[in-house]
Amino acid sequence: MKRFFLLLTCLFTFAGLAYGQVTKVKGTVVFEDDGTPVIGASVLVKDAPGVGTTTDIDGKFVLSGIPKDAKMLVVSFIGMQSEEVAIRPEITVRMKPSTELLEEAVVTIAYGAAKKSSLTGAVASVSAEKIENRITSDVTSALEGTVAGVQVNSTYGAPGESPTIRIRGIGTVNGDASPLYVVDGVPYDGDSAELNPADIESVSVLKDAASAALYGNRASNGVVLITTKQGTPNEKVQMRLDIRQGIYARGQKEYDVLTPDEWMEAEWLNMKNQYIGNGYDATAAGVYASNYLILDRVKHNIYNVDDDKLFTSQGKLAEGVKIRDGYLDDLDWFKEAYRIGWRQEYNFRGQGGADKSDYYFSLGYLDEQGYVVNADYSRLTARAVVNTKPFKWIKTGLNLYGSYLNTNHSDGSDESYTNYTYVCRMVAPVYPVHIHDLETGEYVLDAAGNKQYNIGYFTDKDGYVQNTRLQFEDRNVIWENIVNSNNSKRIILQGTAYVDLYWKDFTFTVKANLNLRNNTQKRYYSSLLGANRGIGAATRTENAYTKLTFQQQLRWAHQFGSHTVSALVAHETYDYNRDYSYGKKNNEIYPDVQSLVNFTEIEALTSYNVLYRTESYLGRVRYAYLDKYNLEGSFRRDGSSRFADGARWGNFWSVGANWVITREKFMRKVKWINSLKIRADYGEVGNDAAAGYFSGYNLYTISQNANEPALYFS
């Protein structure tokens, strides 16, 4: 018996040595599901760079020159799982489809998630990596240039301003044309600038009616789905600190404009032509323009000769005429209005998890000093997420978020005279920003030794009023944006809690979201100059929002062999409450004291409350066969408080189908196509925001007459 076992041991040892010294292998590579050959599969010797081959049209290969110490082959093909097999003289490799195909990526859709290949509607997704690669303060800016059919436009480019998003053009003729934002499955009515991009896991855009139909009466302009980051179970705590510093500069160059000399000569010709039109002959008109251009039109002579000695008879500046030295560095208004802005951002976050729980937390701070003087923005955000699954049949979690934003606006969007670009572009190049001595050209300083801003005239040392320009009298865009202010502060607190209950193929979810938001805007108009010169004014606007969303969702999913069916039924309630107040007072007592108590006359004082509610019932059915053929249908019934009792409810639905052609056997030989799909869909959506909050009612405006109440139909 001992001899028998010794003989077996020698035989197995010899066989192992024989296989270990194989230097040539013949083999076949086939698809596991149907046994058809895999053409062009890569066959490489593990840990032996450069030793390999590919399969032929029959899926066969011959590999020689294998090192004697090699033990394994690695077989790979696009879209299939890589296989490692032991080296033998003859082998057969069966390849399985990869679960990490690009088309198998899971993307966020309305009220759920789905494989990209199964989508029947137009959905585009941007990952966290692409978001992090963008230096942006607003997560929606990451859509610019990355998602087809989405237009992203920052109108004024002011720090902290949310860009304007248009998905496949304008979907609403009347009312707001912005898309609906949904954060972690809950409609979000705040600005996207309130969210920290570092907290975002992905952004999906529902671009057509079929993909957005489950959002019914708020989806006509498309839907932007934002998913925030979560922790990972069974993962040790990981912490990360990101620090980013950068600069801002105006990206678009200014138009080519006339120099001061060119402008003066053009004005001379303009004035000459005017007087020719009034009956003067050409010579007399030229003489008049030379003598009176400064006195009648320009009002300010920045040159080193008298007014009537500036021009030749041909309207050109005379020889030796030049700008006085004192003016040379004060004629560029753009230089005073724009600067090199500064941006600094700090993000600290951590995540981890145990067997039955996971967590994520973050703290972020952003400070932007815009390239426009006196325009800046700061944002402080914090997020905490906890999920736990104590038993197989239940999972629950809490997502808390807070944000504080402080913005100083300086875009002049509500009045052209305080718009830097407009004024700096329109003001003639011979007018200085500050006041200068008309004889010497030197700066005229105040009692404290500071430069004084030019508002079109000033009183000289002898008490005479000297006019310095005809344009923008009583205005100076640089000074106004210094002494005036427009500040807004926002505080946002949001919490989302959910419970998932599991039973066989069913999942029941209850989710509640509470969003509290307070906006305070303070504006101050100095009495020194501008529209409120000699008076002064201040306003204060308060908006307090309370928004509550309550959802119940029942999901069912089951696989019958090659068939996969899933269904969703849900109910959603949305409650919106806005408390608005506004006050304005005039006649300031002390300069630059911006509190309302510093003003004596009440011009406006009002407040009101807005309530808006929706009730929604929705459902969806999805079917897939072999992951090649997909069908989907959805329905939503919405009720909105914006409309009258008999017209509050509307129905919205969609149907869609697709065929994933690259899953067919005949496409496996086409190596230059990795994803090909045909889809067709139809859907109906709406937009109740096109109507007012009380469009279903007869409205009256409350006013007063002789301190008595008055109402009138509006």
Side-chain angles (χ1 to χ4, degrees), residues 249-250 253-268 293-295 297-307 309-311 317-318 320-341 370-375 410 412 416-462 464-484 526 528-530 533:
R250 187 182 179 194
K253 293 182 179 180
E254 188 51 45
Y255 303 119
D256 291 334
V257 297
L258 297 176
T259 65
D261 292 353
E262 292 170 339
W263 186 88
M264 288 290 290
E265 292 173 354
E267 280 297 299
W268 183 93
L293 180 64
I294 296 293
L295 184 62
R297 285 196 175 189
V298 182
K299 297 297 184 181
H300 198 132
N301 185 358
I302 64 173
Y303 292 92
N304 61 339
V305 299
D306 294 337
D307 299 353
K309 295 182 175 58
L310 286 169
F311 297 97
L317 289 175
V321 173
K322 64 177 183 178
I323 300 173
R324 292 189 180 99
D325 292 340
Y327 289 104
L328 290 175
D329 64 344
D330 199 35
L331 299 175
D332 188 351
W333 288 65
F334 280 105
K335 183 178 69 175
E336 298 286 340
Y338 295 100
R339 64 185 177 185
I340 298 298
Y371 63 80
V372 175
V373 174
N374 299 321
S410 186
S416 60
Y417 292 119
T418 57
N419 185 298
Y420 279 126
T421 302
Y422 172 80
V423 175
C424 295
R425 186 174 291 166
M426 295 296 294
V427 69
V430 297
Y431 294 133
V433 177
H434 300 89
I435 299 173
H436 293 255
D437 188 290
L438 298 181
E439 297 296 331
T440 66
E442 299 300 321
Y443 288 100
V444 177
L445 306 179
D446 62 15
N450 299 315
K451 298 176 184 178
Q452 302 180 76
Y453 287 95
N454 178 17
I455 61 172
Y457 58 87
F458 73 100
T459 302
D460 64 17
K461 58 185 178 182
D462 298 322
Y464 294 101
V465 176
Q466 302 289 345
N467 292 322
T468 56
R469 69 168 187 261
L470 290 181
Q471 286 183 299
F472 306 115
E473 188 174 338
D474 278 330
R475 313 302 293 252
N476 185 299
V477 66
I478 309 298
W479 194 19
E480 284 189 66
N481 277 288
I482 292 175
V483 297
N484 296 343
S526 174
L528 296 174
L529 77 165
R533 179 177 172 81

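Note that the numbering runs from 1 along the sequence shown for the chain.
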Indicate yes or no: at least one non-hydrogen side-chain atom of Val321 is less than 4.5 angstrom from one of Phe311.
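A side-chain contact under 4.5 Å is absent here.
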
Quick one: does [X]'s side chain have a donor or acceptor within less than 3.5 Å of a partner on [Y]'s backbone?
X: Arg324; Y: Gly326; result: no
X: Asn419; Y: Tyr422; result: yes
X: Asn450; Y: Asp446; result: no
X: Asn304; Y: Gly320; result: yes
X: Asn476; Y: Ile455; result: no
X: Glu267; Y: Met264; result: no

Is there a donor in the side chain of Asp307 and an acceptor in the side chain of Asn301, or the other way round, less than 3.5 Å apart?
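Short answer, yes.
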
Could I get the full list of side chain to side chain donor-acceptor pair (under 3.5 Å) partners for [X], not counting sequence neighbours?
X: Asp330; result: His434, His436
X: Glu336; result: none
X: Gln466; result: Asp460
X: Tyr338; result: Thr421

Please list all pairs passing the salt bridge (charged side-chain N to carboxylate O under 4.0 Å, His left out) test where one or both residues lie in residues 470-483, with sequence neighbours left out.
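Residue pairs passing salt bridge (charged side-chain N to carboxylate O under 4.0 Å, His left out), neighbours aside: Glu415-Arg475, Asp474-Arg533, Arg475-Glu480.
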
What's the verdict on side chain to side chain contact (heavy atoms under 4.5 Å, CB included) for Ile435 and Tyr457, showing C-alpha distance, side-chain angles and the deciding distance?
CA-CA 8 Å; Ile435 299 173; Tyr457 58 87; over 6 Å; no

Flag yes if more than 12 heavy atoms outside Lys322 fall under 6.0 Å of its NZ atom; otherwise flag no.
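Open.
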
Evaluate Thr468 against Tyr431 for side chain to side chain contact (heavy atoms under 4.5 Å, CB included), listing each step before the verdict.
CA-CA 8 Å; Thr468 56; Tyr431 294 133; 6.0 Å; no

Can you list everything that forms a side chain to side chain contact (heavy atoms under 4.5 Å, CB included) with Ala266? Sequence neighbours excluded, please.
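For Ala266 the side chain to side chain contact (heavy atoms under 4.5 Å, CB included) partners, ignoring immediate neighbours, are Leu258.
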
